[in-house]
Structures are given as C-alpha cells and as structure tokens.
Amino acid sequence: MPRDPKTVLSEALAEALAGEAPEAGRTAIGLERPKNAAHGDWSSNVALQVAARLGRNPRELAQKLCAAPVWASLADIVEPPQVAGPGFVNFRLRPAAKLAVIHRVLAEGERYGHARAAKPEKVMVEFVSANPTGPLHVGHGRQAALGDAIAALIASQGHEVTREFYYNDAGAQIRNLALSVQARARGIAPGEPGWPADGYQGEYVVEIARAYAAAGGDLEDLEAVRRFAVAYLRREQDEDLRAFGVAFDVYSLESALYAEGKVEEVVQALVSRGKTYEKDGALWLRTTDYGDDKDRVMRKADGSYTYFVPDVAYHVGKWRRGYTRVVNVQGSDHHSTITRVRAGLQALAIGIPAGWPEYVLHSMVRVVRGGEEVKISKRAGAYVTLRDLIDWAGRDAVRFFLVSRRPDADFVFDVDLALARTEDNPVYYVQYAHARISSVLAQWGEDPARLAAAPLAPLALAREAVLARELAAFPEVLAQAAAECAPHAVAFYLRNLASEFHSYYNAERILVEERALREARLALAAAVRQTLANGLRLLGVSAPEKM
RNA sequence: GCGCCCGUAGCUCAGUGGAUCAGAGUAUUGGCCUCCGAAGCCAAGGGUCGUGGGUUCGAAUCCCGCCGGGCGCGCCA
C-alpha cells in the first residue's frame with residue numbers, strides 16, 4: 001500500500017523548511033485540503049506562520065520552500081508546488097497518486113475511514129438517561145441519535161467505547177409517578193380532588209394503572225405501584241430504543257448509588273476535606289471555589305440530598321471504572337449541572353482533570369405540525385413521542401435527520417415534512433446513490449473482488465479526480481467528527497459524496513464497452529459505495545442495495 | 001438583572017481557533033429518460049453573514065457594545 005500523500009508531503013515540507021529557515025526550529029506543519037479545488041489537493045500556510053514569527057517576507061519564504069530539492073524526489077507523487085496568494089504553498093497530486101485511494105478503499109472495505117488510535121482510551125458515552133416517568137419524546141430521540149453516532153465515531157478511531165444509560169429511579173418525581181398511577185387506578189382524573197399536586201397527566205398513566213389492576217396489584221401498596229410503573233416504562237423505553245436501533249452496554253441506577261453507600265461516601269469525603277459548611281439547617285458545598293456563582297445545597301434541611309450529589313457519586317464511579325474520556329450527551333436545559341458536578345469532582349481531589357467529563361449539550365427540538373408548534377409538556381401529556389416519529393417517517397429518516405444538525409443549533413422538526421414528503425429527506429438521496437451503485441454492479445455481474453486490483457489509469461476525467469479526492473477526505477472527516485463530537489459533519493459529507501456521484505453517473509456511463517475503462521469506473525463506483533455504507537453505518541442508518 | 005448557547009438566501013441549515021470562494025438543500029422558473037435506477041441530473045434568479053465599533057495586510061469567523069431568540073438562574077430533577 002502506498003504511503004498516505006498527506007504524511008509524505010508533511011515530512012517533505014518539514015525537510016524543506018529546515019533547509020530554508022533553520023532558525024524556525026521545529027514547527028507544526030499545517031496541511032489542509034483547500035476548499036477550492038482550483039487551489040490543488042493540499043495546501044500549507046506554514047510559510048505565513050513562520051514568516052510572521054521571523055519577520056521575513058512570507059511569499060519569498062514560500063518561493064524558497066517550493067524550490068527546495070526535496071520535491072524532485074517526489075516527482076512521481078506530486079507536481080512541483082506552487083506559491084499562491086499571500087504565501088500559501090499549494091500541491092497538486094499526480095493522477096496516479098490521487099486515484100490510489102480507490103484501491104485503498106476496496107482493500108480496507110468496512111474498515112475504510114477507521115483508524116487505529118496511537119493511544120487507545122477507555123471512553124464512555126452516556127446518553128438518553130431518561131427518567132422512567134414517561135415515554136421517550138423527540139428530545140430523547142435527538143439524544144439517542146447523537147449519542148449513538150458519537151459513540152460509533154469515537155470507536156471508529158480505535159478507542160474502546162461503552163454506551164451507558166443512567167436513570168433516576170430514586171427521586172421525588174418517581175414518587176409523583178407512583179402517586180399518579182395510584183390516583184388513576186382509583187378513578188381520579190387530573191384536577192379532581194385527590195389528584196397529586198405535581199401529578200403526571202399523560203394518557204400513558206391511565207394505561208399503567210389499567211395494567212397494574214389487571215395484574216392484580218394492591219392499590220394501597222405505593223412501593224409496589226412504584227416498582228410496577230418504573231418497570232412498565234423502562235420496558236416501553238427499551239422497545240422504542242430497539243426500534244430506533246440504539247443499544248446500551250450498561251444501565252446504571254441512581255438507587256444503586258444510595259444502596260451501595262456511594263452517595264454517603266462522597267458526602268463524607270467532601271466534609272472531611274473541608275469543602276462544605278452548615279447553614280440554615282442544610283449542608284452546603286463550596287462550589288464557588290470552582291467557578292460557580294453561588295454555593296449549592298448538598299443536603300437539604302429534611303435530610304435528603306439534592307440531585308447533583310448522586311450525580312457526583314456516579315461520576316466518581318465512572319472515573320474509578322477507568323474511563324479517561326467521558327462524554328455526556330444532555331439537553332441544554334441541564335447546562336447548569338456541569339459546573340456543579342465538576343466542582344464536586346474537583347473538590348474531592350482524586351486526580352480527575354478539570355475539564356472531565358465532557359458535555360455535548362443539544363438545544364431543544366421544536367416540533368412543528370400543521371404550521372404550529374407542538375408544545376412538549378410531560379405533565380400535560382401532550383407531546384410527540386419518539387415512537388410517533390419512527391412510525392411516521394421510518395427509523396433511517398429520523399436518525400439521519402436528527403443527527404444532521406449541529407447539536408447546539410436550534411432545531412425545528414417539521415412533522416408534516418416528515419409525514420408527507422418523506423422522499424425529500426436527504427437520507428434517501430444518500431441511500432439512493434448506494435442502491436444505484438449496487439444495481440450497476442449487479443448488472444455487471446462479475447465478482448466485485450476483482451475490482452480491488454483493477455488498473456486505474458483509464459480514469460482521466462475531472463469528475464473522476466473529484467470523486468477520488470472526496471473519497472480520500474473520509475478518514476479525516478471521521479477523525480475530526482470524533483474529536484469534536486460532531487456527527488453532523490458525517491451527514492454533510494455523505495450528502496456531498498452522493499451528490500458528486502449522482503452528477504458523475506448522469507454525465508458518464510459506467511458499463512462501457514471497453515473493458516479496462518469499464519473496470520476502472522466500476523472500481524471507482526464500488527469505492528464510493530463502500531464509503532457511503534461505512535458512513536451510514538456510523539450514523540445508524542441502513543445502506544440498502546435496493547429501495 | 002446574571003450566566004451559557006444561538007442570529008448566514010423566502011424556508012431548513014452547513015461553514016465560525018483569520019488569509020483560498022458566502023455555500024447546500026428546499027421553494028420558484030426553464031431544460032434532460034430509444035441509453036447502467038428520473039427517489040436522479042443540468043441551468044437561472046435569490047443574502048451589505050442581526051447591528052455598530054475594534055484588532056489585522058486580511059473578519060461570517062477573534063474582541064467589545066447593542067438588538068432579537070432559546071435555555072438556565074430552587075433546600076425541583
């Protein structure tokens with residue numbers, strides 16, 4: 001396998017720099033793909049950076065770098081570099097070097113784009129973590145799609161990833177749920193005498209009450225009602241997640257933290273470290289020492305703990321389990337917890353880095369239907385569930401759509417668009433390219449394995465070079481998306497790759513008479529198909545052969 | 001009032017640790033199936049990148065003010 005052009009260029013550039021500007025010392029060589037293809041395949045701004053530091057003329061330095069002797073030895077890979085603009089050094093790869101990626105894709109297959117981490121880490125992605133007080137709604141769907149894709153991306157870079165779901169089964173809200181079910185079972189409706197103050201009004205509560213009665217449950221036993229309701233809703237949530245293609249490795253329970261004494265342990269540690277004080281009958285944590293705008297209550301006057309205390313205990317557990325990188329995917333309405341949890345962890349001084357854990361906060365999903373916004377209110381019970389979305393638009397479309405926007409961007413999910421115009425969803429566009437290529441390969445009828453060695457020299461068209469260039473970018477797209485927890489970059493990449501293929505397909509025929517050209521084009525198409533499939537898989541979307 | 005996030009084409013959104021493009025989809029208009037899948041392709045029109053300053057050779061991108069929107073600001077979770 002030929003060496004990666006980027007690495008070759010980077011090393012050669014470093015050598016040229018050492019020759020022309022030894023006083024620059026060791027400098028990071030920035031090499032990137034120009035957005036504008038007219039500027040070549042690779043471009044470096046190293047002359048601009050170094051010149052600014054040394055007080056030299058950037059364009060002149062760039063000229064000297066271009067004239068360095070090293071390029072002559074790389075003549076079979078790259079054309080002589082060119083200076084452009086204020087001092088960029090631009091590279092244009094030789095056609096053969098550019099097309100070589102096709103063989104690489106076909107050789108690596110499902111692994112193409114994946115990387116072997118120099119230092120594999122134990123990574124946990126915690127997401128969804130919905131409390132068992134109701135069905136999963138659209139916001140949970142966004143979180144499930146995001147979290148699963150982020151986990152897959154990080155795993156693709158060679159790290160060991162665990163998907164974890166944490167649920168709060170110990171708080172006041174669970175008690176409210178139990179009281180609501182009990183009330184419904186007694187025939188009490190919201191607003192009527194006997195209805196709990198913060199009761200859950202959704203229809204699903206009626207269903208749980210009915211099921212509890214059918215199972216012969218004792219209405220007076222609130223603890224039994226609670227267990228039944230939690231189990232019922234957990235089962236429903238699991239079914240929805242399964243239908244969405246999301247699976248977790250570990251489920252953690254808040255109640256277990258109490259049962260195992262982890263919460264008490266953390267409180268004691270904080271007290272003995274002098275990070276707390278008593279005031280107004282409550283126990284406070286000095287979170288202001290760690291950037292919070294005021295101290296926070298840990299133990300209320302009634303003796304119970306506030307919600308973030310078990311959360312700190314939970315994260316101590318994550319750290320002790322060896323997760324050096326933890327990504328928590330949460331709605332932006334929880335952003336204030338970040339400071340508190342990190343403050344608690346820092347106050348314990350057990351070696352946890354200041355920025356640990358990482359958080360990916362996503363904005364709320366606004367659902368629009370019939371031109372009007374559907375308010376999401378769990379208490380009122382009127383909201384769009386994840387199950388609804390899957391039923392309307394299908395799993396692939398929902399997952400692709402929910403993951404194709406930046407997490408922190410506002411998000412409008414137009415139900416009518418998903419319902420009535422499913423064919424306009426970009427996911428079909430990408431899948432269509434995959435199916436189209438599959439169809440061409442089937443029509444060709446020979447063994448695709450042969451294509452892995454097909455000579456590529458016949459690929460002389462500009463469009464073919466563009467496709468090869470796009471294919472070569474895939475590994476970098478994945479690496480960056482994984483580092484930045486930005487799966488939407490993959491969705492946009494796939495959209496673009498599909499677009500370039502459709503364009504090529506319409507302009508040129510693949511199954512031409514001439515055998516050498518035919519097989520070269522088939523190899524290119526097969527490489528595109530493989531890359532599309534690899535990208536879709538990371539997003540949890542299927543890559544159909546027919547549709 | 002304070003904190004975090006956001007403001008880019010009619011609409012939905014990319015690009016945002018400077019230089020080398022203001023872009024995609026959609027909508028509108030006009031073309032392309034005797035030929036590998038028309039769920040496709042080609043083309044046109046459409047934006048002083050919320051606004052006013054600042055830094056720089058260069059700002060959608062960085063800094064400050066303002067306007068507009070979202071989310072938080074509880075001994076709720």
Side-chain angles (χ1 to χ4, degrees), chain A residues 32-40 43 45 47-49 52 58 84-88 90 129 131 133 168 170-174 176 198 254 279-284 291-294 296-308 310-311 331-339 359 361-364 366 368 378 401 404-414 417 421-433 435-444 486 488-489 491-493 495-496 498-499 501-512 518 521-522 525 546-547:
Chain A
E32 54 183 36
R33 294 171 185 282
K35 292 177 210 156
N36 186 342
H39 295 113
S43 174
N45 63 352
L48 287 158
Q49 291 177 338
F88 290 94
N90 291 344
S129 295
N131 292 333
T133 53
N168 175 321
Q173 57 194 340
I174 297 292
N176 274 337
D198 291 316
E254 184 190 18
K279 193 182 89 179
D280 303 334
L283 182 67
W284 298 67
D292 206 349
D293 52 1
K294 57 181 166 183
R296 304 291 168 175
V297 170
M298 293 175 65
R299 190 174 57 221
K300 299 179 248 177
D302 68 4
S304 64
Y305 293 113
T306 55
Y307 76 98
F308 87 94
D311 214 5
S332 63
D333 54 338
H334 287 91
H335 73 81
S336 65
T337 75
I338 296 175
T339 311
Y359 286 84
L361 298 181
H362 63 85
S363 62
M364 299 293 95
R366 286 161 49 215
V368 174
K378 213 183 273 193
F401 194 59
S404 55
R405 277 154 178 72
R406 221 168 5 111
D408 57 359
D410 288 335
F411 196 141
V412 178
F413 197 114
D414 188 333
L417 196 73
R421 318 196 44 129
T422 53
E423 68 279 5
D424 284 338
N425 193 303
V427 69
Y428 294 102
Y429 184 85
V430 176
Q431 290 181 318
Y432 183 61
R436 225 177 191 183
I437 297 170
S438 299
S439 169
V440 173
L441 286 169
Q443 219 157 117
W444 174 56
H488 72 282
F492 277 91
Y493 170 84
R495 220 284 161 197
N496 199 40
S499 167
F501 178 77
H502 283 309
S503 197
Y504 174 60
Y505 180 91
N506 268 270
E508 309 297 336
R509 197 177 163 78
I510 293 173
L511 295 175
V512 292
R518 182 175 67 231
R521 287 185 171 172
L522 282 165
K546 289 180 181 169
M547 43 193 298

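Residue numbers start from 1 in every chain, and the chains themselves are labelled A, B, ... in the order their sequence lines are given, proteins ahead of strands.
Here A39(B) presents its C1' atom at 15 Å from CD1 of Ile437(A), a figure rounded to the nearest Å. For Lys294(A) and G72(B), the NZ to C1' distance is 11 Å, given to the nearest whole Å. Phe492(A) places its CZ atom 6 Å from the P atom of A14(B), with the value rounded to the nearest Å. If you take OH of Tyr493(A) and P of C13(B), they are 25 Å apart, rounded to a whole angstrom. Here C33(B) presents its C1' atom at 11 Å from CZ of Arg436(A), a figure rounded to the nearest Å.
Side-chain contact check for Ile437(A) versus Tyr505(A): every heavy-atom pair is 4.5 Å or farther apart. Side-chain atoms of Leu511(A) and Leu522(A), non-hydrogen and from C-beta on, do get closer than 4.5 Å to each other. Between Gln173(A) and Asn168(A), some side-chain heavy-atom pair lies under the 4.5 Å cut-off. Within the 4.5 Å cutoff, no side-chain heavy atoms of Phe401(A) are placed close to those of Val427(A).
Taking atom P in both G7(B) and A60(B), the straight-line distance is 15 Å, to the nearest Å. Comparing the same atom, P, in A44(B) and in G50(B) gives a spacing of 26 Å after rounding to whole Å. For the P atom pair drawn from A24(B) and G15(B), the interatomic distance equals 15 Å after rounding to whole Å. G52(B) and C33(B): their P atoms are spaced 49 Å apart (whole Å). Nucleotides U48(B) and G10(B) place their P atoms 8 Å apart, quoted to the nearest Å. Comparing the C1' positions of C36(B) and C41(B) gives a spacing of 15 Å, expressed to the nearest Å. U28(B) and G45(B) have their C1' atoms separated by 9 Å, with the value rounded to a whole Å. When the C1' atom is used for both G72(B) and A77(B), the distance is 13 Å, rounded to whole Å.
Not a single donor-acceptor pair, N or O on each side, falls under 3.5 Å between the base of A39(B) and the side chain of Tyr428(A). Judged by distance alone with a 3.5 Å cut-off, no donor-acceptor contact links the side chain of Asn45(A) to the base of U20(B). The base of G37(B) sits within donor-acceptor range of the side chain of Ser439(A), with an N or O pair under 3.5 Å. Taking only distance into account, the side chain of His334(A) never meets the base of G72(B) through a donor-acceptor pair shorter than 3.5 Å.
When every heavy atom of Tyr429(A) is checked against every heavy atom of His502(A), the shortest pair comes out as O-NE2, 3.3 Å. In terms of heavy atoms, Asp408(A) sits closest to Arg406(A) at OD1-NH1, 2.9 Å.
Positionally, the nearest nucleotide of RNA chain B for Pro407(A) lies more toward the 5' end than for the other of Pro407(A) and Glu508(A). The residue among Asn506(A) and Phe401(A) whose nearest nucleotide of RNA chain B is located toward the 5' end is Phe401(A).
Within the 3.5 Å criterion, the main-chain N or O of Thr133(A) finds no donor-acceptor partner in the side chain of Asn131(A). Checked by atom type and distance alone, the side chain of Thr306(A) pairs as donor or acceptor with a backbone atom of Val297(A) at under 3.5 Å.
C4(B) is paired with G70(B) under the criterion used here, namely a Watson-Crick or G-U wobble arrangement in which both key atom distances are under 3.5 Å. Remark: A77(B) base-pairs with no nucleotide in the shown strands. Criterion, Watson-Crick or G-U wobble with two distances under 3.5 Å.
In this model, the phosphate group of A77(B) is approached by a side-chain N or O of Lys300(A) to a distance below 4.0 Å at OP1 or OP2. An OP1 or OP2 oxygen of G70(B) is reached within less than 4.0 angstrom by no side-chain nitrogen or oxygen of His335(A). For Tyr307(A) and A77(B), the shortest distance from a side-chain N or O to OP1 or OP2 is not below 4.0 Å.
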Could you go through nucleotides 5-11 of chain B and list every protein N or O atom that sits under 3.5 Å from one of its N or O atoms, giving the distance for each pair?
{"residue": "C6(B)", "atom": "OP1", "partner": "Asp408(A)", "partner atom": "OD2", "Å": "3.3"}

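Syn is the glycosidic conformation of C33(B), whose angle stays within 90° of 0.
In this structure, of C71(B), A77(B), G37(B), it is C71(B) that holds the atom nearest to the side chain of Asp333(A). With U20(B), C41(B), G15(B) as the candidates, the nucleotide lying closest to the side chain of Ser503(A) is C41(B). In this structure, the nucleotide among C75(B), G40(B), G15(B) sitting nearest to the side chain of Ala282(A) is C75(B).
The aromatic rings of Phe492(A) and His488(A) sit perpendicular, their planes meeting at an angle over 60°, well past the 30° parallel limit.
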